Amino acid sequence: MSNLSITLKKLREKKNITIVMLSELSGVGSGTIGDIERGKIKKSRVETLEKIAKALKLDEEERIELFSSILPKDIRQKILNLSISNKKL
C-alpha cells in the first residue's frame with residue numbers, strides 16, 4: 001500500500017466517516033476514494049486531495065500529513081520533521 005492509501009484511510013476513520021459519506025461531502029467519487037485507499041491510485045491530483053481535506057475538516061497537521069503522503073519518502077520525512085519542529089516552537 002502507498003503512503004497516500006494508508007494516510008487517507010487513517011484520517012477518514014479517525015473522523016468516523018465512511019467512504020460513501022466522504023464521497024458525498026467532497027464530491028469525489030466513492031470508487032476513486034476506495035481506489036486510493038486500496039492503493040490502486042498511488043498519487044492523486046492536488047485538487048482531489050483538497051476536496052477530501054475540506055470534507056474531512058482536517059486541521060493543519062492533518063493536512064500536512066495528507067498532502068505530503070504523495071511526495072517521495074525522503075522529502076515527505078523532511079516536511080513532517082519540519083512540521084514537528086515548528087510545533088515545538
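Reckoned from all heavy atoms, side chains included, excluding hydrogens, waters and symmetry mates. Keep in mind the model is a prediction, meaning the values are calculated, not measured.
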Measuring from atom CD1 of Ile64 to atom OG of Ser69, what distance do you get when rounded to the nearest 0.5 angstrom?
12.5 Å
To the nearest 0.5 Å, tell me how far Glu13 CD sits from Leu8 CG.
9.5 Å
CG (Asp35) and OG (Ser5) are apart, to the nearest 0.5 Å, by 11.0 Å
CD1/Ile36 to CZ/Arg38 distance, rounded to the nearest 0.5 angstrom?
10.5 Å
Is it true that, when you exclude Glu47 itself, more than 12 heavy atoms of the residues, nucleotides or ligands shown sit nearer than 6.0 Å to its CD?
yes
Spatial distance of atom NZ (Lys15) from atom CZ (Arg12) [nearest 0.5 Å]
13.0 Å
Under 3.5 Å, side-chain donor or acceptor atoms of residues 17-27 against the rest of the protein: list the pairs with distances, not counting sequence neighbours.
unit_1, atom_1, unit_2, atom_2, d
Thr18, OG1, Met21, N, 3.0
Ser23, OG, Val28, O, 2.7
Ser23, OG, Ser30, N, 3.2
Ser26, OG, Leu22, O, 2.7
Ser26, OG, Val28, N, 3.1

Separation between CD1 (Ile6) and CG (Leu11), nearest 0.5 Å, reads 12.0 Å
Between side-chain atoms of residues 48-57 and protein atoms elsewhere (two or more places apart, or another chain), which donor-acceptor pairs fall under 3.5 Å?
unit_1, atom_1, unit_2, atom_2, d
Glu50, OE1, Arg63, NH2, 2.8
Glu50, OE2, Arg63, NH1, 3.4
Glu50, OE2, Arg63, NH2, 3.2

Would you name the heavy atoms of Thr7 and Leu66 that are closest together and state the gap between them?
CG2-CA, 3.9 Å
Between Lys43 and Ile70 the two heavy atoms that sit nearest each other are CE-O, 3.7 Å
